[in-house]
Amino acid sequence: MSDNQATLNDGSKTTNMPIRSGSIGPDVIDIRKLYAETGKFTYDPGFTSTASCDSALTYIDGDEGVLLHRGYPIGQLAEHSSFMEVSYLLLNGELPSADELAQFSRTITRHTMVHEQLSVFYRGFRRDAHPMAIMCGVVGALSAFYHDSTDIADPEQRKISAHRLIAKMPTIAAMAYKYSVGQPFVYPRNDLSYTGNFLRMTFAVPAEEYEVNPVVERALDRIFILHADHEQNASTSTVRLAGSSGANPFACIAAGIACLWGPAHGGANEAALNMLKEIGTPDRIPHYIARAKDKNDPFRLMGFGHRVYKNYDPRATVMQKTVREVFDSLKVTDPLFETALRLEELALSDPYFIEKKLFPNVDFYSGIILSAIGFPTTMFTALFALARTVGWVAQWNEMISDPGQKIGRPRQLYTGPVQRDYVPVSQR
Ligand code: CMC
């Protein structure tokens, strides 16, 4: 750690604050004693300049378009690794040996079933309920079923709850889909991979055999890798904040799912495909680009722009390549892919997008592949939640394991009325 100091002069007093350095990335000014010493808070709505924690999981250099998990570049992981391996890496800090990976995969596989009574919960939802609405409710309800893994002070229980969450998310997401289309739930099978199992639970019906397509399985596994973790984003920060009060992990992940749902975050994959459908053909793109640039129009190019990336999102690069692979192998095509490519090309040559450094993000192309695989748009964000669960639990566990962990409690700049006396209703 650096012993540098930053000096703040607020007009009446000079305060020194330590500057801390991580292994890479910007240094941080440690302002924890600022209020005690000056009586003033810092002000940073949206946390654009605030590091909320120490973390050894994921590093992003938004200017260079770099994303590392435990030091490994996302491109290498997407190319050579599997979602199970990346999950192990995020949870444990190192890539597993062959034996460790086999053991971990076995453990996750053994946790994929959900309590049978949980299936009754689904019937309480309307058939047209959004899968994310179902996921919020059902994942939150897990804490009512797995009491033996909710003691957050016990590292072993934390590990079991992490394994349960990672394992059960595909089952829960697939059940949400099955419920919406009125088909029977499909139980998991232990001879399939994590991703193959999810495909089967989603698309198989009891009336016939289902064979997992290895190209689709690989593509979806890669999509899961691309979504596994992303540093202190809104949903991860939500999970950490919920967890900082000591709430159980199932409740915390349900909070993360709720936050992910929004169109500025995970909901953007659904919104991006809906936008491409609305645009339709490439000749209509200029109209939508003009709308995105118009300050009086709330329309934004969905799947474009990012708080941290001011360069091409490295996940979008892999995603675009994966679309081509899936299309080639399934011998399908989608005119919306041509529209997306042309939209990207036109936006990236437009001064508005160049000056604001707005590039395609992970959500721009993901909907096109998911749609080709057969998922309805409403399932897109549920798939994001499924994959991000490992990041959420790894971050949550990192936080709980930190001996200096405190409840998260931001302050505010109060702009309401100053103290005044109550007036009885008869005198108002
Ligand atoms: N289309 C048009 N203009 C945009 C867009 C866009 N997609 N994104 C940002 N801008 C403009 C914005 O109007 C603002 O202009 P000005 O400075 O003139 O006011 C400027 O760029 C900066 O935008 P911001 O909203 O202040 O930036 P932010 O960091 O708060 O927001 C964002 C980041 C991702 C919410 C935003 O870029 C956005 O709404 N994108 C569309 C939704 C989307 O694709 N979200 C997925 C993010 S990646 C997956 C995930 O992490 O969940």
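Residue numbers run from 1 in the order of the sequence given. Everything numeric here is computed off the predicted structure, so don't read it as measured data. Just so you know, ligand 1 is whichever comes first in the structure, and atom 1 is the first atom listed for that ligand.
For the ring-ring contact (aromatic ring centres under 6.0 Å, His included) test, no residue two or more places apart in sequence or in another chain qualifies with Phe359. In this view, Phe304 and Phe353, Phe364 satisfy the ring-ring contact (aromatic ring centres under 6.0 Å, His included) rule, not counting sequence neighbours.
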Next on the checklist: One pair to check against side-chain contact (heavy atoms from CB on, under 4.5 Å): Phe41 and Leu413. What are the steps and the verdict?
Outcome noted: CA-CA 8 Å; Phe41 298 135; Leu413 180 67; over 6 Å; no

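Every protein residue with a heavy atom nearer than 4.0 Å to ligand 1 is included here: Pro263, Ala264, His265, Gly266, Ala268, Ala292, Lys295, Arg300, Leu301, Met302, Gly303, Phe304, Gly305, His306, Arg307, Tyr352, Lys356, Leu358, Asn361, Val362, Asp363, Phe384.
His230 NE2 to Thr236 OG1: the interatomic distance, rounded to the nearest 0.5 Å, is 9.5 Å.
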Check residues 128-143 and write down every donor-acceptor pair under 3.5 Å in which the side-chain atom is one partner and the other belongs to a residue at least two apart or another chain.
| from | atom 1 | to | atom 2 | distance (Å) |
| --- | --- | --- | --- | --- |
| Asp128 | OD1 | Arg126 | NE | 2.9 |
| Asp128 | OD1 | Arg126 | NH2 | 3.4 |
| Asp128 | OD2 | Arg126 | NH2 | 2.7 |
| His130 | ND1 | Met132 | N | 3.0 |
| His130 | NE2 | Glu270 | OE1 | 3.0 |
| Ser143 | OG | Gly140 | O | 2.8 |

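Under the 6.0 Å cut-off for aromatic ring centres, Phe145 and Phe121 qualify, their centroids lying closer than that.
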